[in-house]
Amino acid sequence: MDKTIKILSIDGGGIRGILPATFLSVLEEKLQETTGNKDFRLADFFDFIAGTSTGGLLTCLYLTPDNNNALMPKYTARQALEFYFGYGDSAFTPNAQGGFHKYSPAGLEVGLNSFFGNLKLGQLIKPCCITAYDMIHCEPYLFYSHRALSDPRANFYVKDVARATSALPGIFPPASISSLTDRKRTFIDGSIFAYNPALQAYIRAKSIFPNAEKFVLLSLGTGLPATAYTPTQLEDTSEKNWARILADIAFSAHSDMVHFQLEEIFKNKRGSKYVRLQPSLHGLNKEMDNVSHENVHALYKAGLEFVNGNEKTITELVNNYA
């Protein structure tokens with residue numbers, strides 16, 4: 001039987017990463033039930049994982065090896081979800097110096113160091129792609145774990161990779177990090193060009209698995225508001241108002257375009273499957289940095305509703321591909 005290559009892609013979205021993280025924690029638990037293996041992990045199911053920003057953080061957590069077994073994931077999907085509950089508040093520490101970026105990276109970096117220590121990108125247990133934008137060379141940069149295995153110039157500490165992909169302008173300052181060859185770069189969040197990294201994930205997976213003919217791509221969003229701008233909003237010519245409008249449009253338009261492209265790619269690929277799931281933000285605070293106790297638990301509740309609304313998809317993935 002031909003192997004079907006299974007790909008997971010997770011959008012950016014800050015604290016809204018709770019939504020796909022909740023979905024994936026349930027998917028992992030269903031896989032454990034079906035296989036009868038309580039140690040079964042997402043990394044055993046997916047052959048390639050890609051993520052931007054909060055999705056990049058989740059990618060790193062799912063693929064971190066156990067301290068005593070380099071082939072066994074250290075964290076369950078449930079523990080990855082708990083990162084948001086344990087470090088969400090401290091990660092968004094207000095920047096005492098003021099300026100454009102709202103938060104100091106110090107709190108986030110403490111959390112990343114706690115989870116990843118001195119783990120290197122090349123040590124992650126499955127191939128992955130994590131997005132960032134190189135400010136020095138003015139070009140997109142993709143952290144590839146498989147490339148890091150053979151090229152120390154492409155190998156970074158995982159905590160630094162997670163910091164780089166999370167450096168959304170206006171939220172966190174750029175991340176200046178060095179590869180294992182001391183090659184220094186300065187990055188901002190990959191959301192600038194790949195809010196939805198699913199297309200990059202598919203292209204890279206095809207190159208890593210050149211003989212594969214069948215692919216399953218699960219692409220998870222973090223919720224995008226369907227915003228209808230009022231005449232009053234559009235008549236507000238302030239820089240702050242239009243910066244927010246344009247950012248919302250850019251993220252939404254990019255995500256939708258990637259979805260349309262992948263639908264076309266997979267339309268005639270017999271035996272392959274593309275699934276795009278986007279949770280609703282109806283009644284929720286859409287801000288990426290609202291880490292209040294009330295909002296975090298509202299997002300978790302919405303994540304459970306997201307699961308309930310997609311039980312059929314979870315069942316099909318588990319029954320057909322586990």
Side-chain angles (χ1 to χ4, degrees), residues 9-20 22-23 52-55 84 88-89 91-92 94-95 98-103 131 133 135 138 140 165-174 188-200 219-264 275-306 308-310:
S9 174
I10 313 170
D11 287 12
I15 196 64
R16 299 203 316 262
I18 289 173
L19 296 166
T22 302
F23 179 93
T52 288
S53 192
T54 197
Y84 295 97
D89 187 35
F92 291 93
N95 189 349
F100 178 64
H101 306 293
K102 292 174 65 175
Y103 303 102
T131 69
Y133 188 85
M135 293 293 289
C138 296
T165 194
S166 302
L168 182 65
I171 301 295
F172 291 113
I188 59 173
D189 193 321
S191 295
I192 299 302
F193 72 96
Y195 190 80
N196 173 354
L199 186 58
Q200 281 87 356
S219 174
L220 297 178
T222 59
L224 283 174
T227 303
Y229 296 103
T230 66
T232 300
Q233 287 175 304
L234 297 179
E235 289 166 4
D236 179 354
T237 59
S238 68
E239 292 181 4
K240 183 177 181 180
N241 179 59
W242 274 93
R244 179 182 293 273
I245 288 175
L246 292 175
D248 286 347
I249 291 173
F251 289 152
S252 178
H254 173 267
S255 183
D256 289 344
M257 183 57 67
V258 168
H259 173 54
F260 296 149
Q261 290 169 328
L262 285 168
E263 280 192 320
E264 286 300 308
V275 179
R276 171 67 174 171
L277 300 179
Q278 183 69 276
S280 170
L281 292 181
H282 181 71
L284 295 172
N285 186 303
K286 70 176 184 179
E287 300 301 327
M288 298 181 185
D289 59 340
N290 185 336
V291 292
S292 68
H293 177 83
E294 293 77 15
N295 190 55
V296 166
H297 284 273
L299 286 169
Y300 177 61
K301 181 179 179 182
L304 294 176
E305 293 172 357
F306 179 46
N308 291 336
N310 290 284

Taking only residues two or more places apart in sequence, or in another chain, which ones meet Thr165 in a side chain to side chain donor-acceptor pair (under 3.5 Å)?
none
With a 4.5 Å cut-off on side-chain heavy atoms, are Glu305 and Ser280 touching?
no
Determine whether Ile15 and Asp289 make a side-chain contact, defined as any pair of heavy atoms from C-beta on separated by less than 4.5 Å.
no
Measure across [X] and [Y] and return the closest heavy-atom pair with its distance rounded to 0.1 Å.
{"X": "Ala167", "Y": "Pro173", "value": "CB-O, 3.4 Å"}
{"X": "Gly88", "Y": "Phe92", "value": "O-CD1, 3.2 Å"}
{"X": "Ala194", "Y": "Gln200", "value": "CB-NE2, 3.9 Å"}

Starting at [atom1] of [X], measure out to [atom2] of [Y] and round the result to the nearest 0.5 Å.
{"X": "His254", "Y": "Asn196", "atom1": "NE2", "atom2": "CG", "value": "6.5 Å"}
{"X": "Leu281", "Y": "Arg16", "atom1": "CG", "atom2": "CZ", "value": "5.0 Å"}
{"X": "Leu284", "Y": "Leu19", "atom1": "CG", "atom2": "CG", "value": "7.0 Å"}
{"X": "Asn241", "Y": "Gln233", "atom1": "CG", "atom2": "CD", "value": "6.5 Å"}
{"X": "Met135", "Y": "Ile192", "atom1": "CE", "atom2": "CD1", "value": "8.5 Å"}
{"X": "Leu168", "Y": "Thr54", "atom1": "CG", "atom2": "OG1", "value": "11.5 Å"}

Step by step, work out the side chain to side chain contact (heavy atoms under 4.5 Å, CB included) result for Trp242 and Leu234.
CA-CA 8 Å; Trp242 274 93; Leu234 297 179; 4.2 Å; yes
Would you please test Thr22 and Phe306 for side chain to side chain contact (heavy atoms under 4.5 Å, CB included) and show each step?
CA-CA 9 Å; Thr22 302; Phe306 179 46; over 6 Å; no
Give the ring-plane orientation class for Phe193 versus Tyr133, where under 30° counts as parallel, over 60° as perpendicular and anything between as tilted.
tilted
Pair Arg276 + Asp11, salt bridge at N-O below 4.0 Å
yes
Check: Thr131/Thr52 side-chain N/O donor and acceptor closer than 3.5 Å:
yes
Centroid separation under 6.0 Å, is that true for the rings of Tyr84 and Tyr300?
no
Which one of Met257, Gln261, His259 satisfies the side-chain contact (heavy atoms from CB on, under 4.5 Å) criterion with Leu199?
Gln261
Side chain of [X], backbone of [Y]: donor and acceptor closer than 3.5 Å?
{"X": "Gln278", "Y": "Thr222", "answer": "yes"}
{"X": "Ser53", "Y": "Gly55", "answer": "no"}
{"X": "Asn290", "Y": "Asn295", "answer": "no"}
{"X": "Ser9", "Y": "Ser219", "answer": "no"}

Could you walk me through whether Val258 and Tyr195 pass side chain to side chain contact (heavy atoms under 4.5 Å, CB included), step by step?
CA-CA 10 Å; Val258 168; Tyr195 190 80; over 6 Å; no
